[in-house]
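For reference, the structure is listed below as structure tokens.
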2 protein chains.
Amino acid sequence: MCELLAMSANTPTDLCFSFTGLTRRGGATGPHKDGWGVAFYEGHGVRAFHDADASAHSRIAEVVQTHPIKSEVAICHIRQANVGEICLANTHPFIRELWGRYWVFAHNGQLKAFRGSRDFYEPVGSTDSEALFCDILNHLRRHCDRNTPDEDLVARLVNLSRHYAREGVFNLLLSNGEWLFTYCTTKMASITRRAPFGPARLRDADVTVDFESETTPDDIVSVIVTEPLTTDETWDIYEPGEWRLWRKGEVVQSGRADARPD
Amino acid sequence: MCELLAMSANTPTDLCFSFTGLTRRGGATGPHKDGWGVAFYEGHGVRAFHDADASAHSRIAEVVQTHPIKSEVAICHIRQANVGEICLANTHPFIRELWGRYWVFAHNGQLKAFRGSRDFYEPVGSTDSEALFCDILNHLRRHCDRNTPDEDLVARLVNLSRHYAREGVFNLLLSNGEWLFTYCTTKMASITRRAPFGPARLRDADVTVDFESETTPDDIVSVIVTEPLTTDETWDIYEPGEWRLWRKGEVVQSGRADARPD
């Protein structure tokens with residue numbers, strides 16, 4: 001069904017520890033071997049790595065694990081294909097430009113019957129996920145503009161998410177580089193690490209990190225996942241229908257938006 | 001002023017040899033140290049690598065040099081900044097989706113005074129190059145559709161290129177994954193390698209390859225550059241104003257379109 005990973009931080013931070021844990025689930029400790037991708041914001045730019053190979057055995061993934069790329073927002077996805085063949089074009093995260101900013105999207109779930117309308121943005125691949133991303137951006141483009149307050153954008157994202165969740169499983173990560181919108185239909189968890197930092201051990205690899213030696217006292221780094229990555233920390237589990245908007249490592253808005261009743 | 005590199009081939013081919021030579025010019029044998037990027041088509045998908053660091057000293061570039069990524073179309077750029085600061089968002093090649101396909105663009109030159117109109121696509125960074133790319137796509141989007149014959153699209157690209165070349169230096173690489181459009185204002189060269197293949201030696205590194213051992217008799221692989229990469233081959237030099245449309249390693253259309261007179 002795929003697994004998601006995102007980071008929101010108040011200081012440029014690398015994802016190596018979490019990425020190492022997640023990518024093991026792509027063909028070693030887990031079945032999500034049908035491609036992987038990660039996108040890191042750096043200023044307004046985005047540095048992305050995509051591969052249709054299993055993340056646990058990908059040389060490019062190995063580079064990302066060992067080459068610290070610092071970012072305040074990152075989105076990562078390991079895929080277990082259901083809708084759409086295994087190929088590069090079907091590998092999340094998907095990226096589009098809207099109002100002069102890159103928007104990055106990854107999705108866990110399945111909306112088999114979903115067909116977006118053809119509009120500004122169209123999917124290149126054949127996944128329901130990319131079609132959903134295009135549908136979201138088409139909606140925002142049609143109903144909003146670059147000056148629309150974030151609260152209004154987010155309200156629309158919540159309503160759209162609720163609508164999609166009626167049709168299937170829709171766990172979402174979406175960022176425009178400034179904020180990170182997360183929506184849970186079935187499975188999502190988060191952890192916010194701040195001073196005093198401590199150690200953590202990955203569940204999927206024999207790797208421990210001592211965050212205190214990697215951080216300053218002012219750092220706030222939050223990690224959002226499908227399934228917790230560490231064995232010795234307390235993760236905050238989302239409720240079904242819960243959404244959280246992250247900015248610089250903190251939740252700045254949140255709510256509960258269950259699937260609209262028929 | 002930057003250097004360009006593209007490949008058009010009739011069979012998935014890696015760019016390691018040419019990429020190794022070009023990236024030396026990004027901070028070792030040449031001054032184009034203000035970022036680099038490369039995009040490889042794989043089916044309809046695009047695998048891209050971007051870095052604001054000098055290519056000659058970039059670990060990610062080293063991975064691309066040594067990790068064969070096979071593609072029929074690739075576009076690469078090493079940057080010497082003039083318009084726009086050095087940062088990831090200003091690093092070519094730029095990528096946008098149009099009509100459900102990824103379009104990839106890189107530019108060598110400078111059009112200091114260029115300001116595109118705000119329309120569907122907008123630049124994320126601050127380069128004239130990205131603004132030009134958006135202008136091209138906005139024009140195609142406005143005046144064409146997905147069923148417009150390639151000849152008509154190309155005619156528009158030629159006219160646009162001629163128009164831009166009036167305002168400055170406009171050497172262009174543009175692909176939609178099926179064809180590769182190349183336009184020369186000042187400097188461009190190409191080589192088409194086909195059977196019987198022979199050896200080649202890079203100008204910028206002590207690297208020789210014997211293409212015969214890497215290919216089959218049916219392979220056709222063309223490389224288009226700003227400045228020839230090898231010392232022992234005969235490169236075909238573009239005339240100023242010359243354009244060539246490449247498909248599967250061959251020129252399928254070409255012409256001469258000098259800058260429009262005032």
Side-chain angles (χ1 to χ4, degrees), chain A residues 35 37 39-53 58-64 66-71 84-92 94-103 116 118-127 130-131 133-134 137 141 145-146 176-177, chain B residues 35 37 39-53 58-64 66-71 84-92 94-103 116 118-127 130-131 133-134 137 141 145-146 176-177:
Chain A
F40 302 91
Y41 280 92
E42 194 174 296
H44 291 146
V46 171
R47 192 196 304 269
F49 301 87
H50 293 87
D51 199 353
D53 290 341
S58 161
R59 185 165 168 224
I60 298 174
E62 194 185 336
V63 172
V64 179
T66 54
H67 179 77
I69 296 168
K70 290 186 181 286
S71 181
E85 62 184 287
I86 299 166
C87 63
L88 188 68
N90 285 345
T91 305
H92 314 212
F94 301 103
I95 303 171
R96 294 291 192 279
E97 175 258 314
L98 167 62
W99 304 320
R101 294 288 180 267
Y102 291 121
W103 292 57
R118 181 176 276 179
D119 205 337
F120 298 115
Y121 301 99
E122 299 180 37
V124 174
S126 54
T127 63
E130 194 187 5
F133 180 36
C134 293
L137 292 187
R141 194 162 197 142
D145 62 39
R146 75 197 64 243
N176 67 350
Chain B
F40 302 91
Y41 280 92
E42 195 174 296
H44 291 146
V46 171
R47 192 197 302 271
F49 301 87
H50 293 86
D51 200 353
D53 289 341
S58 161
R59 183 163 168 226
I60 297 174
E62 193 185 334
V63 172
V64 179
T66 54
H67 178 79
I69 295 169
K70 289 184 182 286
S71 181
E85 64 185 285
I86 299 166
C87 64
L88 188 68
N90 286 345
T91 306
H92 312 214
F94 302 103
I95 303 170
R96 295 290 192 280
E97 174 257 314
L98 167 62
W99 303 320
R101 293 290 180 267
Y102 291 122
W103 292 57
R118 182 176 275 180
D119 203 339
F120 300 114
Y121 300 99
E122 299 180 37
V124 173
S126 54
T127 63
E130 195 187 4
F133 180 37
C134 293
L137 292 186
R141 193 160 197 142
D145 61 42
R146 75 198 63 243
N176 67 349

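First the proteins, then the strands, lettered A, B, ... as listed; each starts at 1.
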Would you mind telling me which of A:F49, A:W99, A:Y102 has the largest number of heavy-atom pairs within less than 4.5 Å of chain B?
-> A:Y102
Any side-chain heavy-atom pair of A:F94 and A:T127 under 4.5 Å = yes
Does B:Y121 use its side chain to pair, donor to acceptor, with the backbone of B:F133 at less than 3.5 Å?
-> no
With respect to chain A, which residue among B:H67, B:E130, B:R101 yields the maximal number of heavy-atom pairs within a distance under 4.5 Å?
-> B:H67
Examine whether an atom of B:V46 lies under 4.5 Å from a heavy atom of chain A, and if so say whether it belongs to the side chain, the backbone or both; otherwise answer neither.
-> backbone
Mark yes or no: B:R141 above the aromatic ring of B:F120, with NZ or CZ under 6.0 Å from the six-membered ring centre and no more than 45 degrees from the axis.
-> yes
Specify which of B:I60, B:I69, B:V64, B:T91 makes the most heavy-atom pairs with chain A at under 4.5 Å.
-> B:I60
Where does B:N90 contact chain A at under 4.5 Å (heavy atoms): side chain, backbone, both or neither?
-> neither
Give, as side chain, backbone, both or neither, the part of B:R96 having an atom under 4.5 angstrom from any heavy atom of chain A.
-> side chain
Quick one: salt bridge (Lys or Arg N to Asp or Glu O under 4.0 Å) partners of A:R118, sequence neighbours excluded?
-> A:E122
A:T66 and B:R59 side chains, donor-acceptor separation under 3.5 Å | yes
